[in-house]
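Working notes, beginning with the structure itself.
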Amino acid sequence: MRTKILATAFAAAAALTLSACGGSDDGGKGDNAAAEVKGGQRSGQAIVLDQAKTKPDLVLTGTDGKKYDLLKETEGRPTLLFFGYTHCPDVCPLTMSNVGIAVKKLPKAEREKLRVVFVSTDPARDTPKRIRSWLDAQGGTDFVGLTGDFNTIEAAARPLGIYIEKPKKEKDGSITVSHGAEVIGFSPKDDKGHWIYTTEATADRYAKDLPKIIEGRNP
């Protein structure tokens, strides 16, 4: 498997140029390259958007096998949204584990308010059972995992500035999955996306910022 992280440009915020990172089906021993950010805020700090993003009207299948309505289930709740896939050798597990570490540091009352939602960009392979096991392994036992129709997922991600491509099987049998790797934070005050985190964001950064996001304040 190979992972390609797609470049994303945010108007009035930053132009994010992310390099490719990769792995292979032989246990993730392929070449790896760290994501690079050019322009905008660095060191994993939150990018505060001048124009908030609308939360997608998305209904997919949760890890319990039941339909999950993103708008309904996260209404009025602080929400982190990430598009990735479970066979990812590097960026996706690192991102989810960093968020997981930060969430565990929150008081119980704040943890219960927050929703962390993972949406698969490789739904053909990411079954509800596999996503649940994978999220739990990253420390996200309370995280929501969603899978379903690829076209539906791609259409929901596009207006957010998260660009994903349908997984492609290469001649050597490997599978390339290309996707934007930003985490979008939605405010409980208006249910809109106000904050972007790049792959540089650390667990400490999330731990510092989450209490403010939960209150709907800029980090």
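Owing to the predicted nature of the structure, the values given are computational and were not obtained by experimental measurement.
- The distance from atom CZ of Arg205 to atom OG1 of Thr198, rounded to the nearest 0.5 Å, is 10.5 Å.
- Residues Leu160 and Leu81 form a side-chain contact, since some pair of their non-hydrogen atoms from C-beta on lies under 4.5 Å apart.
- Ser133 places no side-chain N or O within donor-acceptor distance of the main-chain N or O of Arg130, the cut-off being under 3.5 Å.
- The closest side-chain heavy-atom distance from Lys108 to Lys113 is not below 4.5 Å.
- Following chains of ILVMFWY side-chain contacts shorter than 4.5 Å, one can reach Ile47 starting from Ile162, so the two form part of one hydrophobic cluster.
- The shortest distance between side-chain heavy atoms of Pro123 and Ile153 falls below 4.5 Å.
- Using a distance-only test at 3.5 Å, with no hydrogens or angles considered, no donor-acceptor pair links the side chain of Thr74 to the main chain of Arg77.
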Check: residues 136-145 side-chain donor-acceptor pairs under 3.5 Å, at least two apart:
| residue | atom | partner | partner atom | Å |
| --- | --- | --- | --- | --- |
| Asp136 | OD1 | Arg132 | NE | 3.1 |
| Asp136 | OD1 | Arg132 | NH2 | 3.2 |
| Gln138 | NE2 | Trp134 | O | 3.1 |

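- The closest side-chain heavy-atom distance from Thr79 to Leu114 is not below 4.5 Å.
- Interatomic distance, Ile131 CD1 to Lys129 NZ, rounded to the nearest 0.5 Å: 13.5 Å.
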Problem set entry | side chain to side chain contact (heavy atoms under 4.5 Å, CB included) assessment of Val177 paired with His87 | CA-CA 9 Å; Val177 180; His87 288 83; over 6 Å; no
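- Rounding to the nearest 0.5 Å gives a distance of 9.5 Å between NZ of Lys169 and OG of Ser174.
- Residue Ile196 is grouped with residue Leu70 when hydrophobic side chains (ILVMFWY) are merged at heavy-atom distances under 4.5 angstrom, including chains of intermediate members.
- Rounding to the nearest 0.5 angstrom, the gap separating the CG atom in Leu80 from the CD1 atom in Ile184 is 10.5 Å.
- Evaluation of the salt bridge (charged side-chain N to carboxylate O under 4.0 Å, His left out) rule for Asp204 yields Lys105 as partners, not counting sequence neighbours.
- Of the charged side-chain nitrogens involved, at least one lies within less than 4.0 Å of a carboxylate oxygen, so that Asp122 and Arg125 count as a salt-bridged pair.
- The CE atom of Met96 sits 7.5 Å away from the CG atom of Leu135 when rounded to the nearest 0.5 Å.
- In this structure a side-chain-to-backbone donor-acceptor pair under 3.5 Å is present from Thr121 to Gly84.
- The neighbour count for Glu215 CD, taken as heavy atoms of other residues, nucleotides or ligands under 6.0 Å away, is above 12.
- Closest approach of Pro167 and Ile175 over heavy atoms only: CB-CG2, 4.0 Å.
- Contact of the Thr147 side chain with the Thr127 side chain is not registered, since no non-hydrogen atoms from C-beta on lie closer than 4.5 Å.
- In this structure, Cys88 and Pro93 approach most closely via the heavy-atom pair O-CD, 3.5 Å.
- Between Lys53 and Leu49, the closest side-chain pair of non-hydrogen atoms falls below 4.5 Å.
- Annotation: salt bridge (charged side-chain N to carboxylate O under 4.0 Å, His left out) contacts involving residues 55-69, sequence neighbours excluded, comprise Lys55-Asp191.
- Minimum heavy-atom separation, Ala102 to Ala203: CB-O, 3.6 Å.
- Residues satisfying the salt bridge (charged side-chain N to carboxylate O under 4.0 Å, His left out) criterion with Arg158, sequence neighbours excluded, are Glu154.
- Here OG of Ser178 is found 14.0 Å from NZ of Lys166. Values are rounded to the nearest 0.5 Å.
- Under the 3.5 Å distance criterion, the side-chain polar atoms of Arg217 are left unmatched by any main-chain donor or acceptor of Ile214.
- The shortest heavy-atom contact between Ile213 and Pro188 is O-CD, 3.5 Å.
- Checked by atom type and distance alone, the side chain of Thr95 pairs as donor or acceptor with a backbone atom of Val91 at under 3.5 Å.
- Centroid-to-centroid, the aromatic rings of His179 and Tyr163 stay 6.0 Å apart or farther.
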For this session: Take Asp126 and Thr86 through the test side-chain hydrogen bond (donor to acceptor under 3.5 Å, both in side chains) and record every step on the way to the result.
Result: CA-CA 7 Å; Asp126 282 345; Thr86 66; 2.4 Å; yes
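- Between Leu210 and Val103 the shortest side-chain heavy-atom distance falls below 4.5 Å.
- Annotation for Phe150 and Glu165: closest pair CZ-C, 3.4 Å, computed over non-hydrogen atoms.
- Under a hydrophobic clustering in which Ile, Leu, Val, Met, Phe, Trp and Tyr are joined whenever their side-chain heavy atoms come within less than 4.5 Å, directly or via other members, Leu106 and Val116 fall into the same cluster.
- The shortest side-chain heavy-atom distance between Val183 and Phe82 falls under the 4.5 Å cut-off.
- Arg111 pairs by the salt bridge (charged side-chain N to carboxylate O under 4.0 Å, His left out) definition with nothing, not counting sequence neighbours.
- Each ring-ring contact (aromatic ring centres under 6.0 Å, His included) pair with one or both residues in residues 180-209, not counting sequence neighbours, appears once here: Tyr197-Tyr206.
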